[in-house]
Participant: 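The structure follows.
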Amino acid sequence: MTKLGSVPLKPNDSTVVKNPSPWKIVVAMAATIFLTEFLVMMAFQIFPFISSWLTPIEHGLLDSTLLVLLLSPLLYLLIVRPILKLMNKLGSAEAELRNIKEHVMEVVGVMVVSLDKAGCVMFINRKGMEILGRSQEDIIGKNWFDAFIPEPSRTDARTIFDHLLTSSEELLEHYEIPVTCWGGAERLIRWRNKPFIENGQTTGLLYSGEDITDHVAALEALGQSETRYRLVHNTAFDAIIVANGDDMVVDCNPAAEKIFGFAPGTLKGTPLISLMPSEYRERHENARKRFLSTGVSSVQGKVLELQGLKKNGQVFPIELVLSSFSLAGDVYFTGTIRDITEKRNAERDKEALQIRLSQSQKMEAIGRLASGIAHDFNNILTVIRGYSELASDETPPESPVQARLKEVLHSIALATNLTRQLLLFSRGQSAIITPIDINKAVMNILKMIERIIGEDVTVTTELEDGLWTVTGDEGSIEQVIMNMAVNAKDAMPDGGTLTIRTQNVTISGEEAASSLEAHPGDAVRITIADTGMGIDKDVLDRVFEPFFSTKGADKGTGLGLSVVYNIIKKHNGWVTVKSESGRGTQFMVYLPVAPLHAKGMEEDGVKAV
C-alpha cells in the first residue's frame, strides 16, 4: 500500500502563481514616472506659449495635474492591475490548498486531532471520528483529556501536552496512549505530535495517531502461540528435530538431546547423518536429494521403526515420523522420534511371559490327563500284579514258567513306578506338609545321590548356615533334588562336577516381575549345577514339558523335570534354568519361607498336619 506522504500532489495550472520580482516592480514604476514626466516636459517645450500665460504656481499645478492624469492609468495598467490579478490567484490557490489539506485529513489512515492551548478539540478528521465512534459535534470544543483519555493515562497525556506547549519542540518519538471510544471501549493509539507556532508562541498542538489495538492484540496472540509452542516443544516426551535442506540440525527440543546423549545446546549444528547408523546414511542421502529435486517422498507421514545412534556410539531402536515444510523459500525437515527400547524390552518380556503362561496351561492340561490315565492304569496293574503273584506261588520253582512270571512281575514294578511318577506329575498323590530344613534334606539323600550318579561325577555341597525353614512335603522335595541330580548325571557322560548349593535370598518386586510364577519376598534357593554338555537355546524353553527329552528313547521317560516343575509349583515356588551349550547347566529352585495355607494345599491334593 502506498503511503500518502510519498505521492507528490500535482497542482492545476490555474493555481500556479509566480511571484514577480521586486526589482521588476521598481523598474516599472520608475520607468512609468520618467515617461510621464518626459511627456509633460515635452508638451511645455512644444507649446511654450502655455508657460508664458501661467504664473509659476499655475504652472506647477498644471504640471502636477497632467502628471497625475497621465500617470494614473499607466500605473493601473502596468502595476495595480497585475497585482490585483496576482492577489486573486493567491486567494484561489490558498482556498484550493485548504481543500487539499482537508481532503488529505479526511482520507489519511490515521487519526488527526488539533487541540488549542487549553486542550480542547479544534479539529478532528474522519478517521478520528470513526475510531472514537462519535460525530464531529460530539467532539469539537470538548476537553480532549477529560472526555477521550482513560483515567489511568490522563496524567501521562497531560504531561506530554504541557511539555510541548512550553518547549515548542516536536516530540519525535512515538508513544502509546489509549482513547475512550463510544460505549466505554478503549483503543490503543500510537501518537506523534507537532506544535502550532505563531509569532514565536505555541498556540496549539496537532496530534496524529495510528490505531494499533488489533496489531498489538495480534502480536500478543503470536507471542502466546510462540510460548505455547515452545512449552509443548520443550516438554514433549518425544524428540523433535528440525533440519534444513543441507541436512544440518537447526532446532531441537531437550528430549532430543537427552535421547541422543548430547549436552544441552550442543545438538544444534550437528549433521543429521551423525544420528543414524552407517547402514542408513547412503539411503537417507539419496532420499533427501530426490525430495529436494522432485518434492516426492515415500516415507513422510508414516511411522517408521528404525535405529538411532547415540553420541557415544550406542545403537538403539526408534520410531520416526518425518514431515517437511517450506519457510522463506527454504525447505526444512521435521522428525519426531521416540526411543522404543523399553517398548521392545516389554514386548520381549511379554512374549516370554506368554510362553511361560502357555507352558503352564499346557502342563496343567497334560497333568489332568495323566492323572486320569494313571489312576485307571494303576487299577489294571493291581489286578495283573495280583494274578501274576498267585500264578507264581502256584508254579513250582523249577518250572520254566517261573522265570517268565518273574519278568512279568518286574515289568509290573516298572509300570507301577511310571504310574507313581505320573501321579506325582499330576498332583494325584497326597503329601504331608511339615517344616523342612533343606540342608538336612540334602544330607539325608546325599549318600543315595553319590551311589546313583557313580564315581565319574564328583558331588560337592555349599550349604548356607542358618538357612531359613520352609514348609512342604519333605519326600517330594527330596524327589526334586534326586530327579535334578540324575538329570545332571545324564548330562555328564564323561564325568564332571555336580554342585548342590543352598542360599537365603530376598526377591525384589523388579526381579519377581521378570518371571510369570515368581513373587517377591524371602525364599530359600536350591541350586543344582553341573559341568556337563549344557542345553541348546532352541530347546531350553521346553525342558519342563512332560515326555520331552534330549536323551535316547531307552534312557528316560521325559517326566523327571516335569515332576520337579509340578512339585515346586505345588509348593508355591518356581524353577529357573540357565545353560549354554558346552558350559553346563544350573537349575535354581525357589521355595518361599512363608507357610502355605492348609486349605489351599488340601484343595490341591496336599494334606496338612
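Atoms considered below: every heavy atom in the structure, side chains included; atoms not considered: hydrogens, waters and symmetry mates. Remember, it's a predicted structure, so these values are computed and weren't measured experimentally.
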Participant: Search all heavy atoms of I259 against all heavy atoms of A239 and return the closest pair with its distance.
Facilitator: CD1-CB, 3.7 Å
Participant: Does a side-chain heavy-atom distance below 4.5 Å link T334 with L322?
Facilitator: no
Participant: Under the salt bridge (charged side-chain N to carboxylate O under 4.0 Å, His left out) rule, what pairs show up with a residue in residues 294-321, not counting sequence neighbours?
Facilitator: E305-R344, E319-K343
Participant: Kindly give the heavy-atom pair with the smallest separation between G245 and F333, and that separation in Å.
Facilitator: CA-CE1, 4.3 Å
Participant: With sequence neighbours excluded, what pairs up with E226 under the side chain to side chain contact (heavy atoms under 4.5 Å, CB included) test?
Facilitator: Y229, R230
Participant: Within the supplied structure, the quantity of interest is the number of heavy atoms (other residues, nucleotides, ligands) at a distance under 6.0 Å from F237 CZ; does it exceed 12?
Facilitator: no
Participant: Within the structure provided, determine whether K127 and D211 are in side-chain contact (heavy-atom separation under 4.5 Å).
Facilitator: no
Participant: The criterion is side chain to side chain donor-acceptor pair (under 3.5 Å); which residues satisfy it with D146, sequence neighbours excluded?
Facilitator: R158
Participant: Going from CZ on R283 to CZ on R288, what distance comes out if it is rounded to the nearest 0.5 angstrom?
Facilitator: 15.5 Å
Participant: So, T159 side chain and T155 main chain: donor-acceptor pair closer than 3.5 Å or not?
Facilitator: yes
Participant: Using 0.5 Å steps for rounding, measure from the CD1 atom of I318 to the CD1 atom of I340.
Facilitator: 8.0 Å
Participant: Got a second to check how far I240's CD1 is from I337's CD1, nearest 0.5 Å?
Facilitator: 9.5 Å
Participant: What verdict does the side-chain contact (heavy atoms from CB on, under 4.5 Å) test give for V121 and L115, after you've listed the backbone C-alpha separation in whole Å, the side-chain angles of each residue and the deciding distance to 0.1 Å?
Facilitator: CA-CA 5 Å; V121 180; L115 304 182; 3.8 Å; yes
Participant: Are V179 and W191 close enough, and set up right, to give a side-chain contact (heavy atoms from CB on, under 4.5 Å), and what steps lead you there?
Facilitator: CA-CA 11 Å; V179 295; W191 296 101; 3.6 Å; yes
Participant: Might you confirm whether atom CD of E279 has over 12 heavy atoms from other residues, nucleotides or ligands at distances under 6.0 Å?
Facilitator: yes
Participant: Could you tell me if the side chain of V321 sits less than 4.5 Å from the side chain of D238, heavy atoms only?
Facilitator: no
Participant: Taking side chain to side chain contact (heavy atoms under 4.5 Å, CB included) as the test, write out the residues that go with A157, two or more places apart.
Facilitator: F145, I149, I177
Participant: So, using salt bridge (charged side-chain N to carboxylate O under 4.0 Å, His left out) as the criterion, who are the partners of E130 when residues are at least two apart?
Facilitator: none
Participant: Report, as yes or no, whether the 6.0 Å neighbourhood of atom CZ on R525 holds more than 12 heavy atoms from other residues, nucleotides or ligands.
Facilitator: yes
Participant: Measure the spacing between CG of L205 and NE2 of H163 and express it to the nearest 0.5 Å.
Facilitator: 10.5 Å
Participant: Quick one, I124 with I140, criterion side-chain contact (heavy atoms from CB on, under 4.5 Å). Give me CA distance, side-chain angles, the key distance, then yes/no.
Facilitator: CA-CA 7 Å; I124 186 168; I140 300 298; 4.2 Å; yes
Participant: Working to the nearest 0.5 Å, report the span between CG of L267 and NZ of K258.
Facilitator: 15.0 Å
Participant: Any heavy-atom pair between the side chains of R281 and L309 that's under 4.5 Å?
Facilitator: yes
Participant: Of all the heavy-atom pairs spanning I241 and A256, show the shortest one and how long it is.
Facilitator: CG1-CB, 3.7 Å
Participant: Is the closest side-chain heavy-atom distance between C120 and K142 below 4.5 Å?
Facilitator: no
Participant: Please report the shortest heavy-atom distance between S326 and V331, naming the atom on each side.
Facilitator: OG-CG2, 4.1 Å
Participant: Which residues satisfy the salt bridge (charged side-chain N to carboxylate O under 4.0 Å, His left out) test with K268, sequence neighbours excluded?
Facilitator: D251
Participant: Tell me, do I507 and W574 make a side-chain contact under 4.5 Å, heavy atoms counted?
Facilitator: yes
Participant: Among all residues two or more places apart in sequence or in another chain, which pass the side chain to side chain contact (heavy atoms under 4.5 Å, CB included) test with E282?
Facilitator: N286
Participant: Applying salt bridge (charged side-chain N to carboxylate O under 4.0 Å, His left out), can you list everything that pairs with E347, at least two apart in sequence or on another chain?
Facilitator: none
Participant: Under the rule for side chain to side chain donor-acceptor pair (under 3.5 Å), what residues qualify as partners of D246, not counting sequence neighbours?
Facilitator: none
Participant: Provide the full list of ring pair (Phe, Tyr, Trp, His ring centres under 6.0 Å) pairs with a residue in residues 253-289, sequence neighbours left out, each pair given once.
Facilitator: F260-F316
Participant: Does R187 use its side chain to pair, donor to acceptor, with the backbone of L132 at less than 3.5 Å?
Facilitator: no
Participant: Do the side chains of V242 and F325 get nearer than 4.5 Å, heavy atoms only?
Facilitator: yes
Participant: Looking at side-chain heavy atoms only, is the closest gap between Y332 and N244 below 4.5 Å?
Facilitator: yes
Participant: I'd like to know if the side chain of T213 and the backbone of L188 have a donor-acceptor N/O pair within less than 3.5 Å.
Facilitator: yes
Participant: Mind checking salt bridge (charged side-chain N to carboxylate O under 4.0 Å, His left out) for E151 and listing every partner two or more places apart, or none if nothing turns up?
Facilitator: R154
Participant: Can you tell me how far the CD atom of Q136 sits from the CG atom of N125, to the nearest 0.5 Å?
Facilitator: 10.0 Å
Participant: Closest heavy-atom contact between V113 and W144?
Facilitator: CG2-CH2, 3.9 Å
Participant: Please give me the minimum heavy-atom distance between A236 and A255, naming the atom from each residue.
Facilitator: O-CB, 3.4 Å
Participant: Among all residues two or more places apart in sequence or in another chain, which pass the side chain to side chain contact (heavy atoms under 4.5 Å, CB included) test with S298?
Facilitator: none
Participant: Tell me whether D138 contacts the main-chain N or O of M129 through its side chain, where contact means a donor paired with an acceptor under 3.5 Å.
Facilitator: no
